[in-house]
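All remarks here apply to the structure that follows.
Quick note on labels: first sequence line is chain A, next is B, and so on, each numbered from 1. Basis for what follows: all heavy atoms, side chains included, without hydrogens, waters or symmetry-related copies.
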Protein chains: 2
Amino acid sequence: MHSNGPIGNYDLVKKINMEHAISTILKYRPLSRAKIASLTGLNKMTVSSCVDLFVQKGFVVELGTTGTSRGRPPTLVDLNEKAGICVGIDVEINQFTVLVTDLLGKKLDSMIIPLQSKDPFFFVDAISGILRKLEKDHAQRQLGIVGVGIVIPGYYNIRTDVVDYSANLQEWNDFPLRSELAKRVPGLTVHVNPASYAGAMGEVHFGGAKAADHLVYVTSSWGLSVGVYSKGELFTGTTGTAGRLGHSTIHMNGKKCTCGSRGCWEMYASIKALYELLETTPQEMTIADIVAGIERGDSRITSSVHELGHYQGIGLANVINAYNPRVICIGGLLALLGPTLINSIWNTLREMIPARFLLGLEIYCSDLGELGVAHGGVSMVLRQLSTTIIENSLMG
Amino acid sequence: MHSNGPIGNYDLVKKINMEHAISTILKYRPLSRAKIASLTGLNKMTVSSCVDLFVQKGFVVELGTTGTSRGRPPTLVDLNEKAGICVGIDVEINQFTVLVTDLLGKKLDSMIIPLQSKDPFFFVDAISGILRKLEKDHAQRQLGIVGVGIVIPGYYNIRTDVVDYSANLQEWNDFPLRSELAKRVPGLTVHVNPASYAGAMGEVHFGGAKAADHLVYVTSSWGLSVGVYSKGELFTGTTGTAGRLGHSTIHMNGKKCTCGSRGCWEMYASIKALYELLETTPQEMTIADIVAGIERGDSRITSSVHELGHYQGIGLANVINAYNPRVICIGGLLALLGPTLINSIWNTLREMIPARFLLGLEIYCSDLGELGVAHGGVSMVLRQLSTTIIENSLMG
DNA sequence: GGTATTTAGTATATACGTTATACTAATTAA
DNA sequence: TTAATTAGTATAACGTATATACTAAATACC
């Protein structure tokens, strides 16, 4: 109906076709100009002019020729992954992890830094120091720092551009994280997202959901929340709190939750709930112990995990009804419980939802490891890489 | 990341700018070419060439000049609402309503036809007869029947293009409604959507949510389901069953539901639940009686409505957590309960959700009347009106 | 080993919608 | 009556895709 968006002119045409070209390179690299033309439907000349521009600016490199079929052998082109760096930051309650990668998301460096103060200014000052050093160290790269993706343990209001709510980092509430950081490091592109959103993007970019057009990522550790990726973008809602399902009611008048409500999903299906079922503590029994218990078939542990899976299933049934995803990915600590958990989830789902609504649905546990969340931060940066390359190619 | 979408060429540029022009006309009509240019940012000449084409094809008409300010008075242009007709069809369990409108959605005709057989072929045959007659009657209109929007009491699988599930019209399961109808009326554009989706679109197009960029529509009569409108389109999910929240669990191990599960929202928050609370039947007490009871302050009725509102609130808290909408519209029969219902919904919401997540949220009851659902069907057609006009303008 | 064939990629002229400039049209202010 | 203002049109220039013709470099086949 209402169209908004850019008007049609040569600028736009050029940008659109450059977008086709560069995104095809990113997706199928390395490949020839001819292949780009056939994959995109663009004219050979159009492809050549775009690719030549990328090459000239150093964002794309020409590899040698590879003669496989007959005819003149194609010249392969590939992303110059050294043209810039990405930074992903995983903020936890008392530390943050900084991950530095190349343009393919390959780790160049990482560091873990204690959050000595809960004052958000401590964080932005620490981060901006690191970023300025990174800018200096990588000054020779054409794009420098392409962007920073910060993953916070709470929500970020995309309308007011401030931290919206962080249960365990209340001091950060209403803090304009993005602009404060951009103020300290001029020209820097900063993304801030909750862990659930970053997890979803990371899974699409780096994980087992690369082909998924519609994924729901459930991050389930001490809390529980959900990120929805659909049609190439996150479903954020109006302010950026869509997917706050840890506090959705699955049992009205049920257990009292820290949020003030009752019967919240995360009271039944998080790691916290698992320890309650096991009547033990993380000190007495680590997550690794629980995983080991599953593997050796410990009946007390497996039955608790099954019960947890049942509650997880009830919430996931609501997720399926709400979002109708093609893929559900379980992330966070619960992902470690693997197939045992998935099985009991499926048992519950089949009881709750008619079979026709489960057709084609996949559920799996994430296996992105330790740096998974920080990689989610990097994926926020990488999903705008093509735009960055185009804009820089058209400059000067 | 991956771009898909059309490649950039003159065709696309023309279409984009025509889209800007026509959608601006539809939104601000009537208005001058100069106004279109300033609103869209398009060049005067570009606007003129687009508008002239529309005028030449008869989709847009020139009204007289209106000299308000100084300078040459502008020539106003407006949509020619007589250039075609839209058809919306509301399918209920034992009848269907056909609504015929002009291109502004203004009613030209309507009819109610009994569903004498539950065989879906009876329906498509009946409909195609009506449509062929409409085609003949309106043959002089440039666009003829722009499209048909069918609203069904169930889901429609957008991947397989068949009816997915209709609790009260099981005979329609797996029926390829769209293609069967298109087969009988060649060239016809057919849309099929569940009532919840149509309600959302109708509310955005005709109702109280015209400015809403993100709306959740809750249709709540004997069943309950939800339509999500966000960023200019419906959130359908992979197969088209997103928003099936009537069967989301708000009370695990609660009341047994017809779907086989337990504690489904619609067991607590639908009209059916209201009659259970009132310990009466629609025969003994009509909806109108209930509404009258609220108005005169009948304590038994108001307390039941408040209890219903509480359960509605619990489910809506889940809706807010899931979709983070800016506007929630209550439709269906429950909408008749008005402010009394809304008040108790708000009371429950404030108990369940921190205030910061309720900022800016609006909740209201739909007041589109009898033909509201059929108008939702029309809105499916109207939201592609600009595309239709553009394609027809570029033909021949 | 030479020639035809095939595929990759480039050079050049053309096509076409936007856009800037200059224009006409029609009104009000002074 | 003249200047100023706004609406809209005519025309030529501009820029990007595109078609055509070309060069480049390999294999297949006789």
### Task
Ignoring backbone atoms, establish whether N9(A) has a side-chain N or O less than 4.0 Å from OP1 or OP2 of dG15(D).
no
### Message
Please report the interatomic distance NZ(K57(A)) to CD1(I389(A)), rounded to the nearest 0.5 Å.
### Response
13.0 Å
### Query
So, is K14(B) near the phosphate of dC16(C), with a side-chain N or O under 4.0 Å from OP1 or OP2?
no
### Query
With distance as the sole test, does Y229(A) use its side chain to make a donor-acceptor pair with the main-chain N or O of A212(A) at under 3.5 Å?
no
### Message
Nearest whole Å is fine: how far is dT21(C) C1' from K44(B) NZ?
### Response
10 Å
### Message
Judged by each residue's nearest nucleotide on DNA chain D, which is more toward the 5′ side, T46(A) or S32(B)?
### Response
S32(B)
### Task
Give one of base, sugar-phosphate or nothing for T65(A), where a contact means two heavy atoms less than 4.0 Å apart.
nothing
### Message
Looking at the base of dA26(D), is there any donor atom on it, or on the side chain of R72(A), that sits under 3.5 Å from an acceptor on the other one?
### Response
no
### Query
So what does D11(A) hit on the nucleic acid, given a heavy-atom distance under 4.0 Å: a base, only sugar-phosphate, or nothing?
nothing
### Query
Just to confirm, is there a sub-4.0 Å distance from OP1 or OP2 of dG9(C) to any side-chain nitrogen or oxygen of S48(A)?
no
### Shortest side-chain distance from R33(B), nucleotide among dT9(D), dT27(C), dA19(D)
dT9(D)
### Query
Looking at the rings of F235(B) and H214(A), which for Trp means the six-membered one, are their centres under 6.0 Å apart?
yes
